[in-house]
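A quick write-up on the structure given underneath.
In what follows, chains carry the letters A, B, and so on, assigned in the order in which the sequence lines appear, proteins first and then strands, with residues in each chain numbered from 1.
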Protein chains: 2
Amino acid sequence: MNASFDVRESRDPADTEGSRPSDHPTQLCRICDINRETSICSRLPKDEFTRVLSLRDQFQFPPLHTIFREGDRAAHIYALTSGSVKLYKLLSDGRRQIVGFLFPGDVFGLTNLGGYPYTAETLNQSSTCRFPQKVLDPTRESVPMLERRMFDLAVRELMRAHEQMLWLGRKTAQERLASFLASLARRATERGQPESPVALPMSRSDIADFLGLTIETVSRTFTHLKKLGVIMIPDNSHVMLNNVPLLIKLSEGGAE
Amino acid sequence: MNASFDVRESRDPADTEGSRPSDHPTQLCRICDINRETSICSRLPKDEFTRVLSLRDQFQFPPLHTIFREGDRAAHIYALTSGSVKLYKLLSDGRRQIVGFLFPGDVFGLTNLGGYPYTAETLNQSSTCRFPQKVLDPTRESVPMLERRMFDLAVRELMRAHEQMLWLGRKTAQERLASFLASLARRATERGQPESPVALPMSRSDIADFLGLTIETVSRTFTHLKKLGVIMIPDNSHVMLNNVPLLIKLSEGGAE
DNA sequence: TCTTTTTCTTGACCTCGATCAAACAAAACC
DNA sequence: GGTTTTGTTTGATCGAGGTCAAGAAAAAGA
């Protein structure tokens, strides 16, 4: 193994590990199904792309696997290449707030403190690209485009967080769920997937903890949207959107 | 006037302007009372510091002045040098969510889309350093430390946003207000100010819109914390913290 | 296949915080 | 000073969403 791939040496044993598929970092990302405007290594100039790729480490995780916990030493930055992940914070009594759901191309583990500010857990079978901070840091300094990419990713997350603060602080249960479905649909199209049906890899309980509601209210609100004819629910992990304009209207309190 | 100071040419007329104090950018920031670890130009190497300073533009704004509105073309990045600012998002029916209160050293206007994602409004007499995106962008590419600084600022905001999502989604009114006061106190100490009394430059209505509550609930909760002996309220814009450990405990639901 | 377990839905009731309303306090203006 | 305006507090009532409880429907084992 070439020295530049020797990132296993700098690995933080606190991070839990999944299985490692055989990969050849100097070739293009073979297991990576990402082709987005803004992920960590997309659209970098060719030699810088190769350079960044050589830093990475790929892992696959089973469903419901904890990748890292809030407070763990933040030794890596992750890019999700397939599957989906939830990020959450806990209160001491067990109350939970999910601060984000992630899909392929999304990056997580960004921090400038010592520890991760949230726990990251897979929703289903997922694979990640992992970049050790220790080797990524000097590379960021010498590859301005990479540093800019990191900034863009952080800002994108920040704007998403601000949007969710509006949901949590000022929207009704129905508006929150409509906003959530509309947002999932929009993000699916950004990944080149159809707008409908929307895949819901997370449980009702996860949706509740994301929207600041209880599972009962989430369930009742799904039923209500169904009765309004805005959605159909073929199975519990898919939602058909029958009327996206109306859904968006409902998400902003436009219609009662 | 030297060409490098000619940033007025690139000014976006949509941004509302305050009065411009006479200043000499090649000298050190004279009106800038910031001395923090992480503001936009603090702790840069001397010549880079001078270079970044030469890009800036200083403005003073009166209280309750709208610096920019959500959706305005994002032509500048701002650093608050004195006073305080609120950032908020609106729903079409007027419901408002304040996504952040800013104090000296804080940066706002970070985005990578065309428009600002929130409205920025002063709470009291405030002054800002303003950097035009157009001239800051190439500088960021050639000054890696500046780009890193921007990233750090975005990440700091992101972590603050995640924390507030936990408040909004999962905390009671009392826990939110206690968290808010504890957070203001901590940030004051980070700026080298005493922990108590905490200054509240914002109205009760602003606090309500920040915490996802109504003014009545905010007022009642203040009264309740007062009765518990945790705080004293000499006047409506100051809170004395009598028992910070208990306040923190209350903020996490530790005591009932 | 038939349990057993888990997740989701629905109903009945309750509570925290919202709404409505009035009194009070503090500025701002004359 | 007094009057108006605006912001804050307090009280009375209401309702959206939470809690508790019981079914229904998947999912996981056996």
Checklist entry - In terms of the angle between their ring planes, are B:Y118 and A:H162 parallel, tilted or perpendicular, with boundaries placed at 30° and 60°? => result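 It falls in the perpendicular class, over 60°.
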
Once you round it to whole Å, what is the distance between [atom2] of [N] and [atom1] of [X]?
X	N	atom1	atom2	value
A:R204	D:dA27	CZ	P	11 Å
B:D209	D:dT8	CG	P	12 Å
B:I215	D:dT9	CD1	C1'	10 Å
B:F222	D:dT10	CZ	P	12 Å
A:L211	D:dG17	CG	P	12 Å
B:N236	D:dT6	CG	P	18 Å
A:L177	D:dG17	CG	C1'	14 Å
A:R170	D:dA16	CZ	P	16 Å

Hey, does the side chain of [X] reach the backbone of [Y] with a donor-acceptor pair shorter than 3.5 angstrom?
X	Y	value
B:R69	B:T119	no
A:T189	A:G192	no
A:Q164	A:F210	yes

Item to check | Reference residue A:S84; test side chain to side chain donor-acceptor pair (under 3.5 Å); the match among A:T122, A:N124, A:D106 | outcome: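 The side chain to side chain donor-acceptor pair (under 3.5 Å) with A:S84 is passed solely by A:N124 among A:T122, A:N124, A:D106.
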
Checklist entry - Hey, does A:L213 reach any base, or is it just sugar-phosphate, or nothing, if we go heavy atoms under 4.0 Å? => result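 Touches sugar-phosphate only.
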
Next on the checklist: I'd like the 5' and 3' limits of the part of DNA chain C contacted by chain A, with heavy-atom contacts below 4.0 Å.
Outcome noted: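 The contacted stretch runs from C:dC8 to C:dA12.
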
Checklist entry - Is NZ or CZ of B:R204 both nearer than 6.0 Å to the six-membered ring centre of B:F222 and within 45° of the ring axis? => result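 Pair B:R204/B:F222 counts as cation-pi.
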
Next on the checklist: Tell me whether the NZ or CZ atom of A:R73 lies within the 45° cone about the ring axis of A:F68 and under 6.0 Å from its centre.
Outcome noted: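 No, A:R73 does not sit over the ring of A:F68.
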
Item to check | Selection residues 79-94 of chain A - residue pairs positive for salt bridge (Lys or Arg N to Asp or Glu O under 4.0 Å), sequence neighbours left out | outcome: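 Residue pairs with at least one partner in residues 79-94 of chain A: A:E70-A:K89, A:K86-A:E121, A:K86-A:D206, A:K89-B:E163, A:D93-A:R95.
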
Item to check | Pairs involving residues 209-219 of chain A, ordered by first then second residue, that meet salt bridge (Lys or Arg N to Asp or Glu O under 4.0 Å) (sequence neighbours left out) | outcome: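 Listed once each, the pairs are A:R96-A:D209, A:D209-B:R170.
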
What are the atom names and distances for every N/O pair under 3.5 Å that joins the protein to nucleotides 21-24 of chain D?
none

Checklist entry - For the helix from C:dT1-D:dA30 to C:dC30-D:dG1, how many degrees between its two end axes (five pairs per end), to the nearest 10°? => result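 So the angle between the two local helix axes works out to 40°.
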
With rounding to the nearest 0.5 Å, note down the distance linking [atom1] in [X] to [atom2] in [Y].
X	Y	atom1	atom2	answer
A:T81	A:I40	OG1	CD1	12.5 Å
B:L80	B:I67	CG	CD1	7.5 Å
A:H238	A:L200	NE2	CG	8.0 Å

Checklist entry - Step by step, would you call B:R130 with B:I77 a side-chain contact (heavy atoms from CB on, under 4.5 Å)? => result CA-CA 6 Å; B:R130 197 177 79 164; B:I77 288 172; over 6 Å; no

Checklist entry - Would you say B:T223 reaches D:dT9's phosphate, i.e. side-chain N/O to OP1/OP2 under 4.0 Å? => result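 False: B:T223 side-chain N/O out of range (4.0 Å or more) of D:dT9 OP1/OP2.
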
Checklist entry - D:dA16 phosphate, OP1 or OP2: any side-chain N/O from A:T217 under 4.0 angstrom? => result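 Negative; the distance criterion is not met.
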
Write down the protein N/O and nucleotide N/O pairs, taken from nucleotides 12-15 of chain D, whose separation is under 3.5 Å; answer none if there are no such pairs.
unit_1 : atom_1 : unit_2 : atom_2 : d
D:dA12 : N6     : B:R220 : NH2    : 3.4

Checklist entry - Are A:E157 and A:R160 close enough, and set up right, to give a salt bridge (Lys or Arg N to Asp or Glu O under 4.0 Å), and what steps lead you there? => result CA-CA 5 Å; A:E157 279 314 302; A:R160 195 135 66 196; 2.7 Å; yes

